[in-house]
Amino acid sequence: MKYKALYGTHDLLPEDSFKWQNLEEKVRKTISLYNYKEIRTPIFEETDLFARSIGQDTDIVQKEMYTFLDQGKRSLTLRPEGTAGVVRAYLEHSLGEKSPLVKLFYFGPMFRQERPQKGRLRQFHQFGVEAIGSLEPSLDAEVIDLSVKICYALGITDFKLHLNSIGCPVCRPIHRDKFLNFMKDKVGELCEDCKTRFLRNPLRMFDCKKEGCIEQLKDAPVMIDFLCEECKNHYILVKQYLDALKIDYFEDKTLVRGLDYYTKTAFELKSKLLGTQDTLCGGGRYDLLVEELGGKNTPAIGFAAGIERFVLVLKMEEKLDLEEKNLDLFIATLGDEARTLAMKLIKDLREKNIICETDYLNRSLKAQMKEANRQKAKKVLIIGEDEIKKGKAILKDMDSGEQKEIELEKIRGAF
RNA sequence: GUGGAUGUAGCUCAGUUGGAUAGAGCACCAGGUUGUGGCCCUGGUGGUCGGGGGUUCGAGUCCCCUCAUCCACCCCA
């Protein structure tokens with residue numbers, strides 16, 4: 001075979017596409033309950049937008065973006081995540097001038113050039129929400145509540161909410177100094193990866209699974225103990241709201257975010273069923289991003305969720321909707337006259353929203369019946385020469401096997 | 001970018017210490033029913049054994065290279 005889907009990309013075939021549709025429908029419905037409105041932004045943007053918002057030093061910008069030059073020699077990039085484009089659109093259309101709090105959601109493909117593995121693809125799909133314009137902890141609670149609610153709406157039960165606060169530009173440097181100071185004598189004991197992390201992204205050391213590193217990090221200062229008054233109070237209030245909403249959470253002092261724009265509240269929904277790429281949904285505050293992209297100082301919070309990962313978990317929990325819309329009627333024909341009649345009937349019935357199908361391969365009646373069965377048609381209408389003469393046709397119920405003659409003009413009434 | 005594993009029919013997989021026209025189940029097509037599906041029976045279509053090179057009288061099987069996929073590292077949805 002000459003052409004194949006690129007490494008890390010997948011075709012969504014008919015046998016699965018309806019499952020995605022069902023999933024999307026439920027997600028949309030739930031998000032709408034929380035009064036978020038859909039926004040659709042382009043899947044490519046100026047490269048600089050992503051570099052600016054995600055952060056020059058992140059892995060995404062450093063090595064994972066699909067970047068190309070267009071005919072005009074401008075550097076463009078397939079979006080690696082959704083927030084940057086949404087905030088760009090928010091600013092471009094002055095949505096903040098029309099309403100102080102803007103609640104948006106999106107669905108769509110994202111692109112990152114990573115090595116694929118379970119739960120990780122190069123073109124993958126996310127949905128996410130962004131609430132832009134408020135610093136209220138109650139808004140954090142709403143966003144978190146929504147993410148949890150979506151899981152329940154889909155029937156997912158095996159997941160855990162991890163919660164943390166990663167501070168702000170006031171308190172983060174203080175912790176960073178303390179942390180580096182604490183670790184600097186221990187660097188020699190760390191694994192090679194952690195030595196690199198120490199220089200590039202020290203907090204990532206908390207993710208290390210090696211026992212030696214975990215031991216060294218045991219008493220390391222964590223961000224949560226260094227929060228400034230504002231961040232500390234914010235975090236306390238978020239927890240109070242979550243308690244009030246009876247949402248269980250696990251305070252994960254080591255939870256870090258990969259994108260530079262995050263501040264204060266950070267959360268993830270994780271599922272053990274996923275293997276090592278266990279994050280279903282990740283989010284948090286990004287109070288600095290809007291200003292960073294040229295807007296006014298505007299606090300915001302959001303999350304993004306991986307649709308493929310949801311599908312994986314749903315498959316494992318066997319909660320995927322298997323209901324396919326199947327055929328209401330298959331019309332089997334014998335002869336040219338019958339086929340013409342069938343064509344007219346079908347056009348008519350489709351007008352009435354009846355899903356119907358007929359044979360386009362000149363097959364035997366037996367083969368047509370097999371086809372009807374394969375497509376799970378509820379009923380089959382058989383039109384042959386005898387039936388045309390009599391002005392009647394045979395209507396067969398495929399479940400019971402019963403069949404009866406029916407006048408051609410009365411067929412519409414049978415549904 | 002690094003490591004490990006796996007590539008045989010549309011799908012899931014057998015294939016012995018290297019041995020003759022490469023198999024099974026499912027799916028597909030046809031017949032058993034001159035105009036009736038599912039179950040059953042019979043038959044059929046379908047494979048450059050991922051690709052290339054090598055060893056050998058002989059390679060799906062052994063060796064080398066390459067490509068692809070999966071899993072893991074890194075990192076993230």
Side-chain angles (χ1 to χ4, degrees), chain A residues 1-2 4-10 13 15 54 57-64 79-83 107-128 147 191-194 196-197 200-201 203-205 207-210 255-259 262 268-271 274-283 302-313 327 330 332-335 338 361 363-388 393-403:
Chain A
M1 212 168 311
K2 191 170 177 191
K4 295 176 78 174
L6 261 27
Y7 192 30
T9 69
H10 281 319
L13 301 176
E15 62 201 71
I54 296 166
D57 292 332
T58 58
D59 277 14
I60 291 178
V61 173
Q62 291 280 315
K63 52 187 188 189
E64 294 173 4
R79 64 182 182 198
E81 58 94 45
T83 304
F107 264 90
M110 305 294 165
F111 307 84
R112 290 182 203 172
Q113 199 161 170
E114 299 180 88
R115 196 75 134 214
Q117 69 186 79
K118 186 175 183 182
R120 193 169 71 188
L121 296 162
R122 290 184 165 180
Q123 174 174 345
F124 59 102
H125 298 78
Q126 290 187 331
F127 62 84
S147 70
C191 69
E192 287 308 307
D193 287 336
C194 280
T196 314
R197 289 180 178 121
R200 278 198 51 219
N201 196 349
L203 297 184
R204 280 277 156 208
M205 282 191 249
D207 288 346
C208 193
K209 284 134 196 152
K210 300 197 178 64
L255 179 67
V256 191
R257 306 262 67 213
L259 286 60
Y262 283 110
E268 286 187 9
L269 265 36
K270 288 169 178 284
S271 172
L274 280 171
T276 55
Q277 309 303 319
D278 61 355
T279 303
L280 273 170
C281 170
F303 70 74
I307 298 180
E308 282 85 356
R309 291 187 185 178
F310 270 96
V311 171
L312 273 176
V313 171
L327 267 186
F330 188 95
T333 64
L334 291 158
L361 294 168
R363 284 179 282 191
S364 67
L365 179 60
K366 180 174 173 151
Q368 292 186 55
M369 293 302 291
K370 268 185 93 158
E371 184 64 41
N373 188 59
R374 180 167 28 234
Q375 300 217 26
K376 299 189 181 74
K378 290 172 192 134
K379 290 179 176 170
V380 172
L381 187 73
I382 301 167
I383 308 175
E385 283 153 30
D386 298 350
E387 285 75 21
I388 289 173
I394 295 166
L395 187 64
K396 177 164 186 169
D397 184 291
M398 291 297 274
D399 284 330
S400 65
E402 283 171 31
Q403 55 184 54

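All values derive from a computational prediction rather than experimental measurement. Just so it is clear: chains get the letters A, B, ... in the order the sequence lines come, proteins before strands, and each one is counted from 1.
Comparing B:rA24 with B:rG46, their P atoms are spaced 14 Å from each other, to the whole Å. When the P atom is used for both B:rC41 and B:rG54, the distance is 48 Å, rounded to whole Å. The gap from the C1' atom of B:rG10 to that of B:rC67 amounts to 22 Å, rounded to the nearest Å. Nucleotides B:rU8 and B:rC13, compared at atom P, are 9 Å apart to the nearest Å. For B:rU42 and B:rU48, the C1' atoms lie 31 Å apart once the distance is rounded to whole Å. One P atom belongs to B:rG50, the other to B:rA59, and the distance between them is 15 Å to the nearest Å. Only the P atoms considered, B:rG23 is 25 Å distant from B:rC63, to the nearest whole Å. When the C1' atom is compared between B:rG7 and B:rG51, the two are found 11 Å apart, to the nearest whole Å.
More than 12 heavy atoms of other residues, nucleotides or ligands lie within 6.0 Å of CD in A:Gln62, so this atom counts as buried by the packing criterion.
Phosphate contact (OP1/OP2 of B:rC70, side-chain N/O of A:Gln117, threshold under 4.0 Å): absent. Note on A:Thr276: a side-chain N or O is less than 4.0 Å away from OP1 or OP2 of B:rA72.
In this model, no side-chain donor or acceptor of A:Gln62 finds a partner on the base of B:rC75 within 3.5 Å.
To the nearest angstrom, P of B:rG10 lies 15 Å from CG of A:Leu13. Distance A:Tyr262 OH to B:rC75 P: 17 Å, rounded to the nearest Å. The distance from atom CD of A:Glu15 to atom P of B:rG10 is 16 Å, rounded to the nearest whole Å. Taking atom CD on A:Gln113 and atom C1' on B:rA77, their separation rounds to 17 Å, with Å as the unit. Per the geometry, CD belonging to A:Glu114 stands 14 Å off P belonging to B:rC71, to the nearest Å. For the pair A:Asp278 CG and B:rA77 C1', the computed distance is 11 Å after rounding to whole Å. Atom pair A:Lys4:NZ and B:rG51:C1' shows a separation of 11 Å (rounding to whole Å applied). If you take CZ of A:Phe124 and P of B:rA77, they are 7 Å apart, rounded to a whole angstrom.
Proximity of A:Leu280 to A:Phe310: side-chain heavy atoms (C-beta onward) are separated by under 4.5 Å at one or more points. Contact annotation: the side chain of A:Asp278 never approaches that of A:Ser271 to less than 4.5 Å [non-hydrogen atoms, C-beta and beyond]. At least one side-chain heavy atom of A:Arg120 sits less than 4.5 Å from a side-chain heavy atom of A:Arg115. With contacts defined as side-chain heavy-atom distances shorter than 4.5 Å, the pair A:Glu385/A:Leu334 does not qualify. Looking only at side-chain heavy atoms (C-beta outward), A:Arg122 and A:Pro116 come within less than 4.5 Å of each other. When side chains are defined from C-beta on, A:Glu308 counts as touching A:His125, because their heavy atoms get closer than 4.5 Å. Counting only heavy atoms from C-beta outward, the side chains of A:Met369 and A:Ser364 never approach each other to under 4.5 Å.
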Check nucleotides 3-9 of chain B for protein N or O atoms closer than 3.5 Å to its own N or O atoms and list the pairs.
none

Per-nucleotide protein contact string for nucleotides 27-42 of chain B (B base, S sugar-phosphate only, - none; heavy atom under 4.0 Å): -SSS-B--BBBB----

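Residues of residues 303-313 of chain A that place a heavy atom closer than 4.0 Å to RNA chain B, in numerical order, are A:Ala304, A:Gly306, A:Arg309.
One N or O on the side chain of A:Glu387 and one on the backbone of A:Gly384 form a donor-acceptor pair closer than 3.5 Å. Side-chain atoms of A:Gln126 do not come within 3.5 Å of backbone N or O of A:Pro109 as any donor-acceptor pair.
Defined by atom type and a distance below 3.5 Å, a donor-acceptor pair is missing between the side-chain atoms of A:Thr9 and A:Gln123.
Not a single salt bridge (Lys or Arg N to Asp or Glu O under 4.0 Å) links A:Lys118 to another residue, sequence neighbours left out. Every salt bridge (Lys or Arg N to Asp or Glu O under 4.0 Å) that A:Arg363 has, sequence neighbours left out, goes to A:Asp359, A:Glu371.
A:Val380 approaches A:Ala372 most closely through the heavy-atom pair CG2-CB, 3.5 Å.
Toward the 5′ end of RNA chain B lies the nearest nucleotide of A:Ala5, the other residue of the pair A:Ala5 and A:Gly282 mapping further downstream.
The ring of A:Tyr7 does not lie on top of the base of B:rA68; it is either too far (5.5 Å or more) or too tilted (30° or more).
The pair A:Glu402-A:Lys396 fails the salt-bridge criterion, with no side-chain N (NZ, NE, NH1 or NH2) lying under 4.0 Å from an Asp/Glu carboxylate O.
To the nearest 0.5 Å, atom CE of residue A:Met110 and atom CD of residue A:Glu81 are 7.0 Å apart.
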Pairing annotation in dot-bracket form, given for RNA chain B with Watson-Crick or G-U pairs under 3.5 Å and | for cross-strand partners: (((((((..((((.....[...)))).(((((.......))))).....(((((..]....))))))))))))....

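Residue contacts shown for A:Gly128 are absent, as no nucleic acid heavy atom lies under 4.0 Å away.
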